[in-house]
Amino acid sequence: MLKIYNTMTGLKEVFRPLVPKAVRMYVCGVTVYDECHLGHARSALVFETIRRYLKYCNFKVTFVKNFTDVDDKIINRAKELGIPWQAVTAKYIKAYYRDMKRLGIGRATVEPRATKHMADIIGLVRALARKGVAYQVNGDVYFQVQKFPAYGALSKRKLEDMQAGARVEVDERKRNPMDFALWKSSKPGEPGWDSPWGRGRPGWHIECSAMSMKHLGKTFDIHGGGMDLIFPHHENEIAQSCAATGKQFARYWVHNGFVQVNQEKMSKSLGNFFTIREIFEKSEWSEDLTGEILRYFLLTNHYRSPLEFSDQGLREAKSSLDGFYDLFNRLKERGKTTGPVNEKLTTAIERTRLAFEQAMDDDFNTPAAVAELQGLRSGVNKLLETGLSTKAREQARQQFRLLGSVMGLFQLEKWRFNVDLSDIGVRGLADEEVESKVKERTEARRRKDFKRADEIREFLKSHDIIIEDRPDGTSRWKR
RNA sequence: GGCGCCGUACCCAAGUGGCUAAGGGAGCAGUCUGCAAAACUGCGAUGCGGCGGUUCGAACCCGCCCGGCGCCUCCA
């Protein structure tokens, strides 16, 4: 039974979608004006994992993730670069897909863009104006928060408290300082669309309301994003949407915690961010390994907790993954005995599956779920000591692949255990060369010529190859 | 000023009222091995930021304090 922590109630609640067996979820994507950083990666990965687990649980998932492609920051960036704003959004949408691909994150069911939903947005603003909860000042349209009694329910704050502490410059045209723009008039040269209020563009929050309701209906199951979106973004979305439809908007609100650097939130304004791009480009590992290391690192923390980013954290993730892939290598080898699957293995696999699901059912507890897989790793290693059939080995590998797929782990066929030295000019050896050296070394060892055997081992080591001798006198090797 | 979050071993990190406080990384010792690597076995918090309280019983609930962070303005 899946339970999800709902920001709205502050409780873990049993998850029941409105339509049985079908989940509709919306996640706030990115504003495309710059490279994405690790914080964006975490959010994207968390919701990808949630989506995959829901699928694993046999829900049909309709997943909508938007691009905000009209916004002040985009306009400013276009001015800075001296290029049309459409060129800015096109560039960073492309960069986003590049990063997501590296992280192993697939496309959402629908990936709507604000600029392609102007009619829906204008229609929604119009509906709000008609209901008397919005007012017009010159070409701008504002939402009047006092007309929405539940305002503040999500972020747990009162209108009065916010007014007292708000350090916002008071816009005299607003009736309440917390009123927010639904529609803004455009200056010449800025992106704009014709509307009943003149040429203008949408406010920040309205697009998500319009696009989520268009693609998922007035009421849908899950709405997610980073914790910093709780206020004002999601609070405002609720106000707009509920005021317009008179119906509940999202049923479960899910928010991920921040990535931090030196105990501080990683953010653009603090300048302490690492872009996904630079992490991949600076990595000493190949792209697929780096992606997996990053996923492991990000998912071995609970999604609601803050996560401290560090090189050490990444290295530890790599070490842990080495342990898994070391086992997978051994599982690839033929078993001594043929015959049926091992009964103890079957039991261990089944126990792990249940514990894994239990962990994930508890508000997507990925760190606990990974711990269960570690337990299976240890269990299979023990069984391997006494011998497992080829079929049993395959069965074990298959289980890691299946459970790991929820988090995008354990899908690789080839892993690298050592640093790749090819960048600094160390020539990699071809597999055949390694094989022949290993064979030569095996001969030497048979002759008890350990000096020669060690020479060969050193030679291979300098070429990034690690030798492991088996009890039967043969050797396996890995890079 | 208002609202909220976090503090578990050297590091990362589950656990949120009741068996000996998961798991990983690092470390140490041992088994195996010609040596090494891997694997396996063992060791490692009488204690969960501190002090009180509630309870038969608390890392988990309550209060106060200390330390750190976030939101209230764009932010995943």
Side-chain angles (χ1 to χ4, degrees), chain A residues 7 10 12 27-31 33-34 36-47 71-73 76 152 155-158 160-169 178 204 224-233 235 255-260 263-270 273 296-297 300-302 304-308 310 312-313 315-324 326-327 329-330 355 359 362 365-375 377-378 380-382 384-386 417 445 448-451 453-454 457-458 461 466-471 473 475-478:
Chain A
T7 307
K12 278 185 200 172
V27 172
C28 290
V30 291
T31 301
Y33 74 104
D34 205 351
C36 288
H37 63 231
L38 234 210
H40 299 103
R42 184 182 195 192
S43 186
L45 184 61
V46 161
F47 289 103
D71 174 90
D72 288 353
K73 282 177 298 220
N76 292 338
S155 54
K156 313 280 182 285
R157 52 190 91 194
K158 299 183 189 112
E160 310 86 69
D161 295 340
M162 288 188 282
Q163 287 169 13
R167 289 172 294 166
V168 227
E169 306 164 34
M178 297 317 293
W204 174 34
M227 265 171 181
D228 43 6
L229 297 183
I230 293 172
F231 190 89
H233 187 54
E235 195 72 72
H255 295 97
N256 65 277
F258 301 126
V259 175
Q260 305 183 331
Q263 312 267 29
E264 278 183 320
K265 177 185 173 186
M266 181 183 286
S267 72
K268 287 279 164 69
S269 40
L270 286 169
F273 58 90
Y296 190 96
F297 171 70
T300 44
N301 284 67
H302 187 81
R304 283 192 282 122
S305 305
L307 185 159
E308 178 74 18
S310 67
Q312 195 197 337
R315 276 198 300 273
E316 287 184 4
K318 172 65 169 60
S319 297
S320 295
L321 285 166
D322 281 348
F324 280 105
D326 239 325
L327 170 63
N329 273 171
R330 263 167 268 135
D362 183 16
N365 193 336
T366 52
V370 172
E372 293 304 331
L373 294 169
Q374 289 283 9
R377 178 183 76 96
S378 161
V380 174
N381 266 324
K382 277 169 212 166
L384 220 39
E385 298 258 298
T386 56
F417 295 86
R445 291 178 69 220
K448 304 268 188 212
D449 183 356
F450 296 121
K451 188 168 173 274
D454 290 349
R457 185 165 61 198
E458 278 309 305
K461 195 179 170 190
I466 303 162
I467 296 284
E468 291 173 15
D469 295 337
R470 296 194 187 87
S475 306
R476 68 165 74 87
W477 61 274
K478 63 188 184 187

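What you see below is based on every heavy atom in this structure, not just the backbone, and it leaves out hydrogens, waters and symmetry mates. Chain identifiers are assigned alphabetically (A, B, ...) following the order of the sequence lines, protein sequences preceding nucleic acid strands; residue numbering begins at 1 within each chain.
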Interatomic distance at [atom1], [N] relative to [M], whole Å:
N: rC60(B); M: rC5(B); atom1: P; result: 16 Å
N: rU41(B); M: rG4(B); atom1: P; result: 47 Å
N: rG49(B); M: rG7(B); atom1: C1'; result: 6 Å
N: rG17(B); M: rA59(B); atom1: P; result: 13 Å
N: rG44(B); M: rU33(B); atom1: C1'; result: 27 Å

Anything below 3.5 Å on both distances counts as a pair; with that, list the stems of at least three consecutive Watson-Crick or G-U pairs involving RNA chain B.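 Looking at RNA chain B, the stems formed by three or more consecutive pairs are B:1-7 with B:66-72, B:10-12 with B:23-25, B:27-31 with B:39-43, B:49-53 with B:61-65.
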
Separation of [N] [atom2] from [X] [atom1] (nearest whole Å):
X: R470(A); N: rA38(B); atom1: CZ; atom2: P; answer: 16 Å
X: L321(A); N: rA38(B); atom1: CG; atom2: C1'; answer: 17 Å
X: R476(A); N: rA37(B); atom1: CZ; atom2: P; answer: 15 Å
X: L384(A); N: rC40(B); atom1: CG; atom2: P; answer: 10 Å
X: K73(A); N: rC74(B); atom1: NZ; atom2: P; answer: 9 Å
X: I466(A); N: rA38(B); atom1: CD1; atom2: C1'; answer: 10 Å
X: D326(A); N: rG25(B); atom1: CG; atom2: P; answer: 11 Å
X: L373(A); N: rA13(B); atom1: CG; atom2: P; answer: 19 Å

List the atom of L229(A), the atom of G225(A), and the distance in Å for their closest heavy-atom pair.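 Scanning both residues, the minimum pair turns out to be CD1-CA, 4.1 Å.
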
Specify the closest pair of heavy atoms between C36(A) and V30(A), including all atoms of both residues, with the distance to one decimal.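 Scanning both residues completely, I find the closest heavy atoms to be SG-CG1, 4.2 Å.
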
Hydrogens and angles aside, do [X] and [Y] bring a side-chain donor and acceptor to less than 3.5 Å of each other?
X: N301(A); Y: R42(A); answer: no
X: R377(A); Y: Q374(A); answer: yes
X: S43(A); Y: N256(A); answer: yes

Please confirm whether the shortest side-chain N or O distance from [X] to OP1 or OP2 of [N] is below 4.0 Å.
X: K382(A); N: rU41(B); value: yes
X: N256(A); N: rA76(B); value: no
X: K265(A); N: rC71(B); value: yes

All ring-ring contact (aromatic ring centres under 6.0 Å, His included) counterparts of H255(A), not counting sequence neighbours: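 Checked H255(A) against ring-ring contact (aromatic ring centres under 6.0 Å, His included); matches are H234(A).
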
Tell me what [X] touches on the nucleic acid: a base, only sugar-phosphate, or nothing, going by heavy atoms under 4.0 Å.
X: G225(A); answer: sugar-phosphate
X: V259(A); answer: base
X: L229(A); answer: sugar-phosphate
X: M266(A); answer: base
X: G257(A); answer: base
X: S378(A); answer: sugar-phosphate

Nucleotide N/O to protein N/O under 3.5 Å, stretch nucleotides 58-62 of chain B:
none

Residues which pass side chain to side chain donor-acceptor pair (under 3.5 Å) with [X], listed by chain and number, not counting sequence neighbours:
X: R476(A); answer: E333(A), E468(A)
X: S320(A); answer: none
X: D322(A); answer: K318(A), W415(A)
X: D72(A); answer: K184(A), R201(A)

Nearest to the side chain of [X] - [options]?
X: Q263(A); options: rG25(B), rA39(B), rC69(B); result: rC69(B)
X: S319(A); options: rA26(B), rU41(B), rA76(B); result: rA26(B)
X: H40(A); options: rA76(B), rG23(B), rA39(B); result: rA76(B)
X: E385(A); options: rA38(B), rC40(B), rG70(B); result: rC40(B)

For Q263(A), enumerate each residue passing the side-chain contact (heavy atoms from CB on, under 4.5 Å) test, keeping only those at least two apart in sequence or located in another chain.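 Q263(A) satisfies side-chain contact (heavy atoms from CB on, under 4.5 Å) with Q260(A), E308(A) once adjacent residues are dropped.
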
Please enumerate all residues that pass side-chain contact (heavy atoms from CB on, under 4.5 Å) together with E235(A), with sequence neighbours excluded.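 Testing E235(A) for side-chain contact (heavy atoms from CB on, under 4.5 Å), a comparison that skips the adjacent residues, returns Y151(A), L154(A), S155(A), F231(A).
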
Main chain of T7(A), side chain of K156(A): is a donor-acceptor contact present, judged purely on distance under 3.5 Å?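 Side chain of K156(A) to backbone of T7(A), a donor-acceptor pair under 3.5 Å: yes, one is there.
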
Output a table of nitrogen or oxygen pairs between the protein and nucleotides 33-35 of chain B separated by less than 3.5 Å.
| residue | atom | partner | partner atom | Å |
| --- | --- | --- | --- | --- |
| rG34(B) | O6 | R441(A) | NH2 | 3.4 |
| rG34(B) | O6 | R445(A) | NE | 3.3 |
| rG34(B) | N1 | D454(A) | OD1 | 3.0 |
| rG34(B) | N2 | D454(A) | OD1 | 3.3 |
| rG34(B) | N2 | D454(A) | OD2 | 2.5 |
| rC35(B) | O2 | R457(A) | NH1 | 3.3 |
| rC35(B) | O2 | R457(A) | NH2 | 2.2 |
| rC35(B) | N3 | R457(A) | NH1 | 2.8 |
| rC35(B) | N3 | R457(A) | NH2 | 3.4 |
| rC35(B) | N4 | D469(A) | OD2 | 2.5 |

CG on L321(A) to CZ on F417(A), rounded to 0.5 Å: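 Going from CZ on F417(A) over to CG on L321(A), the span is 10.0 Å.
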
With 3.5 Å as the limit, what N/O pairs link the protein to nucleotides 15-22 of chain B?
| residue | atom | partner | partner atom | Å |
| --- | --- | --- | --- | --- |
| rG15(B) | OP1 | N365(A) | ND2 | 2.8 |

Nearest nucleotide by nearest heavy atom, which residue falls closer to the 5' end of RNA chain B, D228(A) or L270(A)?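 The residue mapped nearer the 5' terminus is L270(A).
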
Decide yes or no for N76(A) and Y33(A): does some side-chain heavy atom of the first lie under 4.5 Å from some side-chain heavy atom of the second?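 Answer no - side chains too far apart.
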
With heavy-atom distances below 4.5 Å as the criterion, would you say the side chains of L307(A) and F258(A) are in contact?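 A side-chain contact is absent here, since even the closest heavy-atom pair is not under 4.5 Å.
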
Classify every nucleotide of nucleotides 2-12 of chain B by which part a protein heavy atom approaches to under 4.0 Å, writing B for the base, S for the sugar-phosphate alone and - for neither, in 5'-to-3' order. BS-------BS

